[in-house]
Amino acid sequence: MTAVAVPAKAPAIPRRREMLRRIVRAGIYALLLAAAVFYLIPVYLLVMTGLKTFAEANNQALMWQLPASASLDSFKEAWRTISPNFVNSTLIAVPAAVLSSMWGSLNGYILAKWRFRGSETLFTLILFGMFIPYQAILIPLLKVESAVGLYNTIAGLVVVHIIYGIPITTLIFRNYYVGIPTELVEAARVDGDGFFGIYRHILLPISIPGFVVVLIWQFTSAWNDFLFAVTLTGQQNWPITVAVNNLAGSFEVAWNVQMAGALIAAIPTLVIYVLLGRYFMRGLLAGSLKG
Amino acid sequence: MRRLTRDRLFAIVLLAPAIVAVTIFVYGMIAWTGWVSLSKANDLSFDMSWNGLANYESIFASIRFQIDLRNLVVFTVFFVGISLVIGIVLANMLDRKIRAEGFFRSVILFPMAISFIVTGVVWKWLLTPTAGVNVLLGLDPASNRWFTDPTVIHLGTDSPAGKILSDLGLGALASTEFGIPVALFSLVIAAVWQMSGFVMALYLAGLRGIPDELREAARVDGASEWQVFRRVILPLLTPVTVTSVIILGHISLKIYDLQQAMTKAGPGFATDFPSAFMWQTAFTDNAFAKGAAVGIVMLVLVATLIVPYLAWSRGQETE
């Protein structure tokens with residue numbers, strides 16, 4: 001560090017500093033507002049286009065203007081096409097999230113509190129599964145799903161999401177349980193609790209935040225999945241991502257209907273984000289291995 | 001003591017299903033894919049007889065796959081680089097006791113909650129030349145073609161720099177093969193929109209973990225704000241930077257949904273990626289062995305990023 005020069009005109013410096021500080025702060029707010037506009041502009045367009053009538057949405061020169069009158073026709077039209085897929089997505093994402101979190105809790109408990117020789121290495125080997133490109137397993141996966149009759153079924157996708165969810169759910173619960181003092185576990189053991197007793201009396205009662213994080217994470221990734229769904233299901237079992245992509249790829253579907261469809265597809269995860277953002281955040285940070 | 005051993009047995013038995021599932025569905029299926037990639041299974045008869053490295057030779061010789069690899073590098077560099085810069089700048093701004101910080105944080109992060117498909121559908125509309133951004137900003141659709149632009153930026157072998165490269169025997173570097181397709185930037189914008197908030201959140205969490213005393217100490221030593229950031233804050237945030245690069249990098253190497261929703265592959269193969277090549281080869285053309293080879297190449301790319309990271313991250317934890 002360089003030595004500080006003693007200011008010759010002492011009073012001038014604080015005033016200039018103060019000015020500069022104000023300018024910097026104004027600049028920061030301006031930049032943050034610009035960023036907010038960048039992130040929100042697609043939402044504005046989604047909602048506004050969705051609310052327009054077909055005739056109005058057709059005029060691209062006016063696409064940024066507010067709708068002349070709010071019409072729910074495009075949402076009705078989109079819903080008519082994609083409501084079966086919305087149901088499919090729900091039937092996939094809800095069971096996948098619930099079962100994944102239960103399994104993950106058990107795995108995390110064992111890897112955190114019942115370590116054995118090689119369990120840490122095993123954990124790392126499990127973690128690798130969450131980063132692999134699924135293109136490296138899709139061909140055998142399709143063969144296996146066909147062989148056991150799970151190809152093109154909702155259950156088939158649920159199974160896939162649970163299995164490939166093992167690494168992340170185990171990670172989140174393990175890191176969560178590691179934070180629970182070993183003394184508590186020891187005390188329970190002295191009181192006569194065994195494997196299940198410790199889980200039920202010590203870990204389960206304080207697991208709710210962990211479950212919320214994992215449920216949100218698994219629901220979101222199953223709901224937003226495209227690759228597994230497009231590979232392993234046919235049209236009648238498509239979840240909403242595949243249906244919306246198909247809708248958007250069609251030249252016969254008007255833009256306002258496509259936008260309405262995209263918004264419908266985004267709503268469940270957006271609602272979760274708005275209501276439970278804090279837990280959503282924790283899942284994100286856990287996904288970066290830092291728990 | 002007997003009880004303890006019985007409990008240990010429970011632990012191992014109850015962990016076994018997860019171990020078996022991961023062994024089969026991750027490692028087993030990777031091995032299986034590897035085996036398919038060495039076979040002749042390039043039609044529906046799925047002939048698994050030995051074919052050596054022929055499928056790998058075939059895909060690496062294919063112009064499309066070469067373009068895909070170039071696109072992947074270009075996309076990854078810009079997507080990761082821009083997201084990192086935006087993320088770190090936003091995090092630093094939000095860490096200055098900003099009013100309505102919660103609002104800004106939520107707005108910046110919410111795209112993480114939605115799918116790449118929805119993102120792709122919206123940004124396709126936003127960047128359609130006759131609509132969206134061009135209409136909003138009054139830009140000429142003929143010169144602002146976004147994802148429909150087939151131009152590939154390259155030096156050109158006639159340019160001065162290209163001539164120097166040619167003299168060095170590196171003329172190829174000046175050709176379109178090593179160029180930058182303009183259409184890819186539309187995908188970069190959409191991906192940055194979706195993922196930069198995640199980087200911001202990581203950095204913000206990192207910044208909040210740095211005690212104010214460290215900054216104060218540097219300031220007392222006479223460091224300017226920039227020096228404090230450059231010499232004190234940034235080095236302390238190295239783990240966050242590594243994590244961000246790894247997470248974004250592996251997402252980038254696997255990118256598929258966004259491209260399917262926005263461009264499929266076009267114009268030409270300007271926005272094609274190995275993921276799309278793999279899917280089409282394996283599941284549209286039924287050339288499973290070649291598709292498997294692409295899948296394995298993708299896995300190797302991701303593994304070179306992830307394996308050292310996993311080792312590093314485990315090491316950090318035991319420290």
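By convention in this document, chain letters (A, B, ...) are assigned in the order of the sequence lines, proteins followed by strands, and residues within each chain are numbered from 1. For clarity, every value in this text was computed on a predicted model and none was experimentally measured.
- There is no contact between Lys113(A) and chain B, counting heavy-atom distances below 4.5 Å.
- Only the side chain of Val43(A) comes within less than 4.5 Å of a heavy atom of chain B; its backbone N, CA, C and O stay farther away.
- With a 4.5 angstrom heavy-atom cutoff, Arg105(B) touches chain A only via backbone atoms.
- Residue Phe116(B): no heavy atom, backbone or side chain, is found under 4.5 Å from chain A.
- Remark: Asn224(A) CG to Ile114(B) CD1 distance equals 8.0 Å, nearest 0.5 Å.
- Taken to the nearest 0.5 Å, the NZ atom of Lys124(B) stands 11.5 Å off from the CG atom of Leu127(B).
- Of the atoms belonging to Trp279(B), it is side-chain heavy atoms, and not backbone ones, that fall under 4.5 Å from chain A.
- Looking at Asp7(B), its side chain does come within 3.5 Å of a backbone N or O of Phe195(A) through a donor-acceptor pair.
- Although no hydrogens or angles enter the test, the distance criterion places a donor-acceptor pair under 3.5 Å between the side chain of Asp225(A) and the main chain of Ala229(A).
- Contact of Ile137(A) with chain B is made through backbone and side chain together, with heavy-atom distances under 4.5 Å.
- Here Phe128(A) is the residue among Tyr134(A), Tyr109(A), Phe128(A) with the most heavy-atom pairs under 4.5 Å with chain B.
- Taking OG1 of Thr124(A) as the reference point, atom CG of Leu310(B) lies at 6.5 Å (rounded to 0.5 Å).
- None of Phe196(A), Trp114(A), Tyr199(A) except one satisfies the ring-ring contact (aromatic ring centres under 6.0 Å, His included) rule with Phe10(B); the exception is Phe196(A).
- Only the side chain of Ala282(B) comes within contact range of chain A, with at least one heavy atom under 4.5 Å from a heavy atom of that chain.
- Rounded to the nearest 0.5 Å, atoms NZ (Lys254(B)) and CG (Leu227(A)) are 10.0 Å apart.
- For chain B, the nearby parts of Ile132(A) are the backbone and the side chain; heavy atoms of each come within less than 4.5 Å.
- If you measure heavy-atom distances from Leu109(B) to chain A, the contacts under 4.5 Å come from both the backbone and the side chain.
- Aromatic ring centres of Phe110(B) and Tyr39(A): separated by at least 6.0 Å.
- Here Thr231(A) is the residue among Thr231(A), Ile41(A), Leu40(A), Ile162(A) with the most heavy-atom pairs under 4.5 Å with chain B.
- Checked by atom type and distance alone, the side chain of Asn85(A) never pairs as donor or acceptor with a backbone atom of Val242(A) at under 3.5 Å.
- Atoms CD1 and CZ, on Ile126(A) and Arg174(A) in that order, are 10.5 Å from each other to the nearest 0.5 Å.
- Contacts of Leu142(A) with chain B are made by side-chain atoms alone, with heavy-atom separations under 4.5 Å and no backbone atom involved.
- Listed options Ile166(A), Asn246(A), Ile139(A), Ile272(A) were ranked by heavy-atom pairs under 4.5 angstrom with chain B; first place goes to Ile139(A).
- Interface check for chain A: of the options Val297(B), Ile296(B), Thr130(B), Val36(B), the most heavy-atom pairs under 4.5 Å are formed by Thr130(B).
- With a threshold of 4.5 angstrom between heavy atoms, Phe25(B) approaches chain A through its backbone and through its side chain.
- Side chains of Gln135(A) and Ser275(B): a donor-acceptor N/O pair is absent below 3.5 angstrom, by distance only.
- A salt bridge links Glu101(B) with Arg208(B); the closest basic N to acidic carboxylate O contact falls under 4.0 Å.
- Considering only heavy-atom pairs separated by less than 4.5 Å from chain B, the leading option among Tyr273(A), Tyr164(A), Phe116(A) is Tyr273(A).
- Only the side chain of Leu106(A) comes within less than 4.5 Å of a heavy atom of chain B; its backbone N, CA, C and O stay farther away.
- The aromatic rings of Phe288(B) and Phe46(B) lie tilted to each other, with the angle between the two planes from 30° to 60°.
- Per-residue counts of heavy-atom pairs under 4.5 Å with chain B were compared for Ala136(A), Ala36(A), Ser221(A), Ala35(A); the largest is that of Ala136(A).
- Among Ile30(B), Val26(B), Thr33(B), the residue making the largest number of heavy-atom pairs under 4.5 Å with chain A is Thr33(B).
- Neither the backbone nor the side chain of Val294(B) has a heavy atom closer than 4.5 Å to any heavy atom of chain A.
- Comparing Thr23(B), Val302(B), Ile19(B), Asp257(B) by heavy-atom pairs within less than 4.5 Å of chain A, the highest count is held by Asp257(B).
- Heavy-atom distances place both the backbone and the side chain of Met298(B) under 4.5 Å from chain A.
- Contact tally against chain B (heavy-atom pairs below 4.5 Å) for Thr220(A), Leu141(A), Leu263(A): the top residue is Leu141(A).
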